[in-house]
Student: 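Sharing a structure with you now.
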There are 2 protein chains.
Amino acid sequence: MTRLSLDIDRASPVPLYFQVAKQLEEQITAGALAPGTKLGNEVQLAAHLGLSRLTLRRAIEELVGKGLLVRKRGVGTQVVLGQVKRPVELTSLYDDLARAGQQPATQVVRRDLAAAPEDAAAALGIAPGSTVLYLERVRSAAGEPLALMHNWLPQRFGRITADDLAARGLYALLRSAGVTIKVARQHIGARKATAREAALLGTRRGAAVLTMQRTAYDDSGVAVEFASHVYRADRYSFESTVVSH
Amino acid sequence: MTRLSLDIDRASPVPLYFQVAKQLEEQITAGALAPGTKLGNEVQLAAHLGLSRLTLRRAIEELVGKGLLVRKRGVGTQVVLGQVKRPVELTSLYDDLARAGQQPATQVVRRDLAAAPEDAAAALGIAPGSTVLYLERVRSAAGEPLALMHNWLPQRFGRITADDLAARGLYALLRSAGVTIKVARQHIGARKATAREAALLGTRRGAAVLTMQRTAYDDSGVAVEFASHVYRADRYSFESTVVSH
DNA sequence: GAGTGGTCTAGACCACCGA
DNA sequence: CGGTGGTCTAGACCACTCT
């Protein structure tokens, strides 16, 4: 068991549980809290930090949800054993690449106002054939094509231009437009690349590709985007942390 | 906004927040609470149900986490628009198939005590070459092969037999052995099937397959299993719901 | 300004675990 | 048995959104 030393600023607008969770996470990923380390019990720990037990618990829950801590009733809380990796969250490919220093680049192949195909219309909850913004983009990292991305968005986003998309990720543009994406449903599969996909992705026809379809909803529960993407399997894979309830 | 009618049993050992969450979820998936329906505000709703606001909030949070409800400060809580699907949780392929009425069957190809290869040893946090239980199984559904599964487990699980595995899923066996899996890290990719994989899966060499590697940890944070699976992409895909924090 | 969710507290009792 | 996390309460103040 270790003495935790955390820096809590009650004057900050950042919630206390978030301050605690962030610093704990940093200490775990930095190795200051080694795997297997037992945290003290919640009551004493909360008193030590000058927080209510519930606030401390909320911070711990955050990290349990990320798979960094493990709790067992009657026993205690400890740092999970095994190497720690960042779990994937709801982020855009652009952000992921930028964070990894991979210099993402986007080539806009198409940007049309077009009639929505059936699957996109169903996902967006609009009538098939309605006018939507259709995007086809190739995302490259470190100079090599990585993904071929197709997106359908409601017509109200029709002001997004090809230039916008070349400079920033779609999700960043949506955020600037005041859209907060809260929930997304994803479907991940695999198949072989078509000739056109292979040409755009710089690979061979018939190469294995990962496919992802995603419907994203904003904070009022309205579908904001339907996406159907194709990734080069030799250069990309999905990572996730799953926690049982 | 609707009048909620829930059945809360304070004598039950089931936590109140769980009772509320479960019944709310049922009403949403059953359509009794239509997409877009606004729930009343938390203070009144809690009073109406005879619960503290925090307990009600905890129930709501459960469903927000599953992507069934959406909250916005200053506005309210409502059922997410768009068709509702069950989000995927940490379940085994066997359970998923059984629930879908797909009659899962398992053929145990190999069951050995063998030396751990490097990647499995690293995932399990043991020395390479240590003795581990190695499993190779083919999972079929509705009479057709679906997945080729490789698992490596610490030697203490060496008492698991091929017969056990033919009758029940691996996770069910581990549960019976008192092991609770709490966290898993997964990696999903794609490639082409090798000749051997194609033969076992009843498909053609070079067919696209989905691959998943998973390391699972129990409630004390110890790695319990390392898995490397191959799925026929024409018969299987991964589905998930992602929620932003 | 009125109404909403977001955070926080101090205390309480319980269920489970290990010695 | 003592120690731990799991649940629950009644109240409070704040930040945000809409009109």
Side-chain angles (χ1 to χ4, degrees), chain A residues 1 6 8-22 37-65 69-80 178-180 182 218-222 243-245, chain B residues 1 6 8-22 24 37-65 69-80 178-180 182 218-221 243-245:
Chain A
M1 188 197 303
L6 301 179
I8 296 171
D9 177 9
R10 299 193 88 98
S12 159
V14 178
L16 299 182
Y17 78 88
F18 192 85
Q19 295 184 34
V20 173
K22 179 155 180 272
T37 305
K38 288 186 77 164
L39 268 53
N41 77 60
E42 297 178 351
V43 180
Q44 287 176 20
L45 204 48
H48 173 60
L49 297 173
L51 299 171
S52 83
R53 185 181 162 210
L54 228 60
T55 302
L56 172 65
R57 264 182 76 77
R58 171 124 192 225
I60 291 178
E61 259 151 27
E62 201 93 349
L63 300 187
V64 169
L69 292 179
V70 188
R71 277 188 295 198
K72 203 163 23 167
R73 177 168 5 187
V75 179
T77 306
Q78 58 177 314
V79 180
V80 75
V179 176
T180 318
K182 277 284 179 65
D218 72 5
D219 52 12
S220 62
V222 177
V243 179
S244 85
H245 303 309
Chain B
M1 190 198 303
L6 301 179
I8 294 173
D9 177 7
R10 300 194 86 98
S12 160
V14 177
L16 300 181
Y17 78 89
F18 193 86
Q19 295 184 33
V20 174
K22 179 157 181 270
L24 264 181
T37 306
K38 287 187 79 163
L39 266 53
N41 78 61
E42 297 179 351
V43 179
Q44 286 175 20
L45 203 47
H48 173 60
L49 297 174
L51 298 172
S52 84
R53 185 181 162 210
L54 230 58
T55 303
L56 172 66
R57 265 182 75 77
R58 171 120 191 229
I60 292 178
E61 257 150 29
E62 200 93 347
L63 301 185
V64 169
L69 292 179
V70 188
R71 277 189 293 198
K72 201 162 25 166
R73 177 168 3 186
V75 178
T77 305
Q78 58 177 312
V79 179
V80 75
V179 176
T180 319
K182 277 286 179 66
D218 72 5
D219 53 12
S220 61
V243 179
S244 84
H245 301 309

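In this text the structure is predicted, and so the values were computed from the model without any measurement. Here is how names work: the chains are called A, B, and so on, in the same order as the sequence lines, proteins then strands, and each is numbered from 1.
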Student: Out of C:dC8, D:dC8, C:dG6, which nucleotide sits closest to the side chain of A:S52?
Tutor: C:dC8
Student: Closest approach to the side chain of B:R10, judged atom by atom: which nucleotide of D:dC8, C:dC8, C:dG5 is it?
Tutor: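 Shortest atom-to-atom distance from the side chain points to D:dC8.
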Student: Among the candidates D:dG6, C:dC8, D:dC8, find the nucleotide nearest to the side-chain atoms of A:R57.
Tutor: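 When the side chain of A:R57 is considered, D:dG6 is the closest of D:dG6, C:dC8, D:dC8.
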Student: Decide side-chain contact (heavy atoms from CB on, under 4.5 Å) for B:R57 and B:E62; before the verdict, give the C-alpha distance in whole Å, the side-chain angles of both, and the deciding distance to 0.1 Å.
Tutor: CA-CA 9 Å; B:R57 265 182 75 77; B:E62 200 93 347; over 6 Å; no
Student: In whole angstrom, what separates A:L49's CG from C:dA10's P?
Tutor: 13 Å
Student: Identify, with sequence neighbours excluded, every residue that meets side-chain hydrogen bond (donor to acceptor under 3.5 Å, both in side chains) alongside B:Q19.
Tutor: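 Here no residue qualifies.
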Student: Rounded to whole angstroms, how far apart are CZ on B:F18 and P on D:dC8?
Tutor: 11 Å
Student: Sequence neighbours excluded, which residues qualify as side-chain hydrogen bond (donor to acceptor under 3.5 Å, both in side chains) partners of A:T77?
Tutor: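 Not a single residue meets the side-chain hydrogen bond (donor to acceptor under 3.5 Å, both in side chains) criterion with A:T77.
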Student: For B:Q78, give me all partners under side-chain contact (heavy atoms from CB on, under 4.5 Å), at least two apart in sequence or on another chain.
Tutor: A:S220, B:K38
Student: It should be established whether A:Y17 places a side-chain nitrogen or oxygen under 4.0 Å from OP1 or OP2 of nucleotide C:dT7.
Tutor: yes
Student: Using the rule given for side-chain contact (heavy atoms from CB on, under 4.5 Å), can you reason through A:V64 versus A:V70, listing the C-alpha separation, both sets of side-chain angles and the distance that settles it, and then say yes or no?
Tutor: CA-CA 6 Å; A:V64 169; A:V70 188; over 6 Å; no
Student: Quick one: side-chain contact (heavy atoms from CB on, under 4.5 Å) partners of B:R58, sequence neighbours excluded?
Tutor: B:Y17
Student: Roughly, in whole Å, what's the span from CG in A:D218 to P in D:dT17?
Tutor: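 In whole Å, D:dT17 P lies 13 Å from A:D218 CG.
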Student: Could you tell me how far apart A:L54 (CG) and C:dT7 (C1') are, to the nearest whole angstrom?
Tutor: 10 Å
Student: Does A:R58 put a side-chain nitrogen or oxygen below 4.0 Å from OP1 or OP2 of C:dT7?
Tutor: yes
Student: Between C:dG3 and B:N41, is there an OP1 or OP2 to side-chain N/O distance shorter than 4.0 Å?
Tutor: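 No.
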Student: How long is the line joining CD of A:E42 and C1' of D:dT7, in whole Å?
Tutor: 12 Å
Student: Closer than 4.0 Å, any side-chain N/O of A:T77 to the OP1 or OP2 of D:dT4?
Tutor: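 No, no such contact exists.
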Student: Quickly work out the B:L45 CG to C:dT4 C1' distance and round it to whole Å.
Tutor: 13 Å
Student: I need the full list of salt bridge (Lys or Arg N to Asp or Glu O under 4.0 Å) pairs touching residues 12-21 of chain B, with sequence neighbours left out, sorted by first then second residue.
Tutor: none
Student: Summarise protein proximity over nucleotides 13-19 of chain C in one line of letters, 5' to 3': B for base, S for sugar-phosphate only, - for none, counting protein heavy atoms closer than 4.0 Å.
Tutor: --BBS--
Student: Measure from CG on A:L39 to P on D:dG3 and round the result to the nearest Å.
Tutor: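 Rounded to the whole Å, the gap is 19 Å.
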Student: Can you find a side chain N or O atom of B:T55 that sits less than 4.0 Å from OP1 or OP2 on D:dT9?
Tutor: yes
Student: Quick one: A:L56 CG to C:dT9 C1', roughly how many Å, whole number?
Tutor: 13 Å
Student: If the cut-off is 4.0 Å, is A:R71 near the phosphate of D:dT4, judged by side-chain N/O to OP1 or OP2?
Tutor: no
